[in-house]
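Below is one structure; the comments refer to it alone.
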Amino acid sequence: MVSTIMNYPLTLNHLLERMNTVFPKREIVTRRPDRSLHRTTYAETYHRARLLASALQKAGIQHGERVATLSWNHWAHLECYYGIPAVGAVMHTLNLRLGPTDIAYIANHADDKIIIVDDVLLPLYDQFKDDLGEHRVIVFPFAGEIPEGMESYEDFLLTGSNDFEYPDLDEMDGCAMCYTSGTTGNPKGVIYAHRSMVLHSLVGATPDMLGFSQHDVILPVVPMFHANAWGIPYGGTMVGAKIVFPGPFMDAESLLDLFESEQVTFSGGVPTVWMAIIQALEKEPERWDLVKGMRTVVGGSAAPPSMIKRFEKFDIDVLHAWGMTEMSPLGTVAAVKPHLQAGGREIYEKYKFSQGYQAPFVDLRHVDDLGEQQPWDGEAMGELEVRGPWVASSYYNNPDAQDRWSDDGWFKTGDIVTIDDEGYVQITDRSKDVIKSGGEWISSVDLENAIMGHPSVSEAAVIALPHPKWDERPLACVVLMEGASLTKEELDEHLSAEFAKWQLPDSLVFIDEVPKTSTGKFQKLTLRRQFEDFQWDDAGTASGAAAAE
Ligand code: ADP
């Protein structure tokens, strides 16, 4: 029997309308490139997003065509988040931290018809513009003026009209597009649907996921070009939260200043950002007066437990989450269930530090090399596979990559995990980073987390290096805290409480910084290349001192 319920499409246009009808006075604050603050409202954003949609329509943008942004996090980027999909086009957020060749490859692959660029990013645009196909460029004029011959975003908006009418949209129509940062092979594009984005926003806002409300002041540190800023702009505006954008200033001090001045209650970003923030807070504990009980979602790579604990001292609650560009990105969040909270500190920490359990509507399973499903016993390791209403079922225009999906349609994440009987996932590694030593696996993530818990260590990455006897052995690459020192023996002693002797890194090298990807994750491939000629000594080990030379 068919239901008697309306068939009402889930589109972002509903969220855009809601901004004006329900929360017109809510504020959106941005730190401009000249560091001054810009303030606007939901009503104004609604008005300008619709002008943008209308201007795009008049400019001849067709249903499904891509309109790209090359932008920091700011108010006009939010207008694009709503205005581009409103007209049936697909918003393609270009990653400004990639090199010009990669950006050109991605913009050409996506066939971007219009590129909206921040004026402060024109020097980057200039480096790849000649490699692009035919396109129109529109410039956000932060500085008030734009170079001769270029079109200003403000002038472009004036070509739109207030009586814009939304075209008919199907909820499965594309609304936005992101490319994975391509740590292996060429970047691959994912096209999100209106429906998937709406469902992702609804679920993401629920209390045990990110838990947004209109009482929140939300500052996404995660860039709007990184997997839709994890859905924060849509989820945050859906509930009517005040939104604060950091513009180009992602350093710890600038962020802490904004947290304090705007009384931010919720933020989110990759662990490297939060490592810098905790170090700044510990250096000057009295300097910033932050909202008590502030929350932040940390994901993109494993949040070190020691970091989560250090934030507790400042009354900042870290929500550890796992996700992927291919999943819009939300997959799991580490909310600790009441009966586990009641189990004492040790049990609480075990779950708090894990990657958490699946979001509603996300299905998980993990399989061994033969595709055999593994038990949820917290012990058996396997590759995590996922499916759900906001999980990609293919890459855009890339049939060769279809092997990332199982025969029965689950997406293969490439992450090696355990899942326990409570449903909590523990990511032990990326399949390409796990250290295969003498037939056993060593988790590079576990080692890194433990090493970063040592007071002398600022950052650490552990990589697998080929070994004559054991196939691979771990090498610890450590960045020391200013003025600190560490010997291999001290490191072994620190790790031996948690790890068996054969799991300890064979060697310790000191580096100035851990190389990072365009989204701020550890770039272990670069380290593996840097140390590919590393020589173990005759016994198959190298002393820390020798290795560090
Ligand atoms: P890319 O693969 O291009 O870096 P994503 O940002 O989509 O882009 O990265 C997804 C990957 O990031 C996951 O497959 C996983 O390996 C890693 N990741 C994300 N969140 C976490 C987390 N909380 N803990 C460990 N790894 C994580």
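We count ligands from 1, going down the list as the structure has it; atoms in each ligand are counted the same way.
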Between Asp415 and ligand 1, which residue portion shows a heavy-atom distance shorter than 4.0 Å: side chain, backbone, both, or neither?
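Contact part for Asp415 vs ligand 1: side chain (C-beta onward).
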
Proximal ligand 1 atoms for [X], defined as those under 4.0 Å from one of its heavy atoms:
| X | answer |
| --- | --- |
| His226 | 6 (O) |
| Trp322 | 13 (C), 15 (C), 18 (N), 19 (C), 20 (N), 21 (C), 23 (N), 27 (C) |
| Lys521 | 4 (O), 5 (P), 6 (O), 8 (O), 9 (O), 10 (C), 11 (C), 12 (O) |
| Ala321 | 20 (N), 22 (C), 23 (N) |
| Met324 | 7 (O), 10 (C), 13 (C), 14 (O) |
| Thr180 | 3 (O) |
| Thr325 | 5 (P), 6 (O), 7 (O), 8 (O) |

Under 4.0 Å, counting heavy atoms only: does [X] come that close to any atom of ligand 1?
| X | answer |
| --- | --- |
| Gly323 | yes |
| Gly300 | yes |
| Met327 | no |
| Ser301 | yes |

Carboxylate-amine/guanidinium proximity below 4.0 Å for Glu326 and Lys188:
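No.
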
Taking the six-membered ring for Trp, is the centroid-to-centroid distance between [X] and [Y] below 6.0 Å?
| X | Y | result |
| --- | --- | --- |
| Tyr396 | Tyr179 | no |
| Trp274 | Phe311 | yes |
| Tyr351 | Tyr348 | no |

Using 30° and 60° as the class limits, which term best fits the ring planes of Phe411 and Tyr395: parallel, tilted or perpendicular?
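Ring orientation, 0 to 90° scale: perpendicular.
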
Could you tell me how the ring of Phe531 sits relative to the ring of Phe534: parallel (under 30°), tilted (30 to 60°) or perpendicular (over 60°)?
perpendicular

Backbone or side chain, does any N or O of Gly299 fall under 3.5 Å from an N or O of ligand 1?
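No, Gly299 has no N/O under 3.5 Å of an N/O on ligand 1.
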
Tell me whether Gln355 has any N or O atom under 3.5 angstrom from an N or O of ligand 1.
yes

Pair Lys350, Glu422 - check salt bridge (Lys or Arg N to Asp or Glu O under 4.0 Å), show working.
CA-CA 12 Å; Lys350 174 175 165 211; Glu422 295 276 356; over 6 Å; no

If you take the nearest heavy atom of each of His320, Arg430, Gln426, Glu326, which one is closest to atom 2 (O) of ligand 1?
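Minimum heavy-atom distance to atom 2 (O) of ligand 1 goes to Arg430.
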
Can you find a side-chain donor-acceptor pair between His320 and Ser354 that sits under 3.5 Å?
no

Heavy-atom count check: over 12 atoms from other residues, nucleotides or ligands less than 6.0 Å from Asp369 CG?
no

Looking at Asn73 and Met224, would you say the former's side chain and the latter's main chain have a donor-acceptor pair under 3.5 Å?
yes

